[in-house]
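Some notes on the structure that comes next.
Positions are given from 1, in the same order as the sequence printed here.
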Amino acid sequence: MRKALLVVVAAAVTATAGCASLVRQAFKEPVVSLHNVRVNGLGLTGGELEVELGVYNPNGYRLDATRFNYQVQIDTVTFATGTLTDRLTFQENDSTVVRIPVSFTYRGIGEAGRQMINTGAVNYRVKGDVTVGTPVGNYTIPYNTTGRFTTLGSTR
């Protein structure tokens, strides 16, 4: 009787691990990109921006994010870092815009700001991780994307 129970428990554990492994292999990481940057205010020492990140969920099911860590770099200067803990929902096969409020000082943006003024464009990097809930558990997924932002608001 004990052997039969052990065999049943072992089979259940193996099946559960196999299903989780299959789902993990079928899980596609969200794609994060810089969508837009909007100036909300300027002062004598700096200003406020709203950075919009586009998050695309390539999965066939909704993802519920409970934590969204980010770091925005303009050229090689770290422009903003932080964590959003508001619940975010990314619908299946759809894009969602995540808005991040950013305070900055003119001194802090240095060379990146001069490059934007002189050429009208700067390279950017957005990286961090997002913790999402899926039908089989929570996953923390790193993301790292680069591009070029122009004063016209487009990225390349």
Side-chain angles (χ1 to χ4, degrees), residues 16-17 19-156:
T16 302
C19 288
S21 177
L22 285 175
V23 170
R24 206 172 279 133
Q25 288 173 358
F27 178 76
K28 298 175 193 158
E29 292 185 5
V31 178
V32 180
S33 61
L34 182 67
H35 186 68
N36 196 9
V37 177
R38 183 182 351 256
V39 178
N40 286 339
L42 296 174
L44 293 175
T45 60
E48 297 284 327
L49 299 176
E50 181 178 76
V51 176
E52 293 181 354
L53 301 178
V55 180
Y56 175 69
N57 174 12
N59 295 288
Y61 47 87
R62 182 183 81 203
L63 297 176
D64 293 317
T66 56
R67 189 173 186 83
F68 192 92
N69 297 313
Y70 62 90
Q71 181 181 58
V72 180
Q73 293 178 326
I74 305 296
D75 198 24
T76 58
V77 176
T78 298
F79 196 69
T81 59
T83 300
L84 297 176
T85 55
D86 295 338
R87 186 180 183 96
L88 301 168
T89 299
F90 306 111
Q91 296 299 329
E92 61 189 62
N93 299 309
D94 199 8
S95 292
T96 303
V97 174
V98 177
R99 290 176 175 82
I100 301 169
V102 175
S103 299
F104 69 92
T105 63
Y106 296 121
R107 183 177 173 192
I109 61 173
E111 183 58 36
R114 282 188 286 284
Q115 184 179 352
M116 179 68 104
I117 290 169
N118 292 335
T119 66
V122 291
N123 294 325
Y124 72 87
R125 174 182 300 269
V126 180
K127 63 182 181 177
D129 59 63
V130 59
T131 301
V132 295
T134 71
V136 294
N138 292 335
Y139 294 96
T140 299
I141 302 114
Y143 63 89
N144 188 349
T145 187
T146 60
R148 189 154 177 85
F149 184 81
T150 70
T151 53
L152 300 175
S154 61
T155 57
R156 301 182 270 213

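- Across P58 and N93, no two heavy atoms sit closer than the pair O-OD1, 3.1 Å.
- Put simply, the residue from T140, T83, N144, N69 that forms a side-chain hydrogen bond (donor to acceptor under 3.5 Å, both in side chains) with D129 is N69.
- Of all heavy-atom pairs spanning R99 and L84, the tightest one is O-CD1, 4.3 Å.
- Annotation for Q91 and T96: closest pair N-OG1, 4.4 Å, computed over non-hydrogen atoms.
- In this structure, L53 CG and N36 CG are separated by 10.5 Å, a value rounded to the nearest 0.5 Å.
- Interatomic distance, OH of Y56 versus NZ of K28, reported as 7.5 Å (0.5 Å rounding).
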**Request:** Go through Y124 and V51 one step at a time and tell me if the side chain to side chain contact (heavy atoms under 4.5 Å, CB included) criterion holds.
**Result:** CA-CA 12 Å; Y124 72 87; V51 176; over 6 Å; no
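- Side chain of N57 to main chain of D94: no donor-acceptor pair is present (N/O by atom type, distance under 3.5 Å, no hydrogens or angles).
- Separating the CG atom in N40 from the CG atom in L49 is a distance of 7.5 Å, to the nearest 0.5 Å.
- Looking at every heavy atom in both residues, T145 comes nearest to V32 through CG2-O, 2.7 Å.
- Note that CD of Q71 and OG1 of T78 are 4.0 Å apart. Values are rounded to the nearest 0.5 Å.
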**Prompt:** Which is it for V132 and I141 under the side chain to side chain contact (heavy atoms under 4.5 Å, CB included) test, yes or no, and what are the steps along the way?
**Reply:** CA-CA 8 Å; V132 295; I141 302 114; 3.3 Å; yes
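- Once rounded to the nearest 0.5 Å, the distance linking CG of N138 with OG1 of T66 reads 6.0 Å.
- Among residues at least two apart or in separate chains, salt bridge (charged side-chain N to carboxylate O under 4.0 Å, His left out) pairs with a member in residues 29-48 are R38-E50, R38-E52.
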**Request:** Test Y70 against V98 for side chain to side chain contact (heavy atoms under 4.5 Å, CB included), laying out the working first.
**Result:** CA-CA 11 Å; Y70 62 90; V98 177; over 6 Å; no
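- In this structure, the separation between CZ on F90 and CG on N59 is 12.0 Å, given to the nearest 0.5 Å.
- With sequence neighbours excluded, the residues forming a ring-ring contact (aromatic ring centres under 6.0 Å, His included) with Y143 are F68, listed by chain and number.
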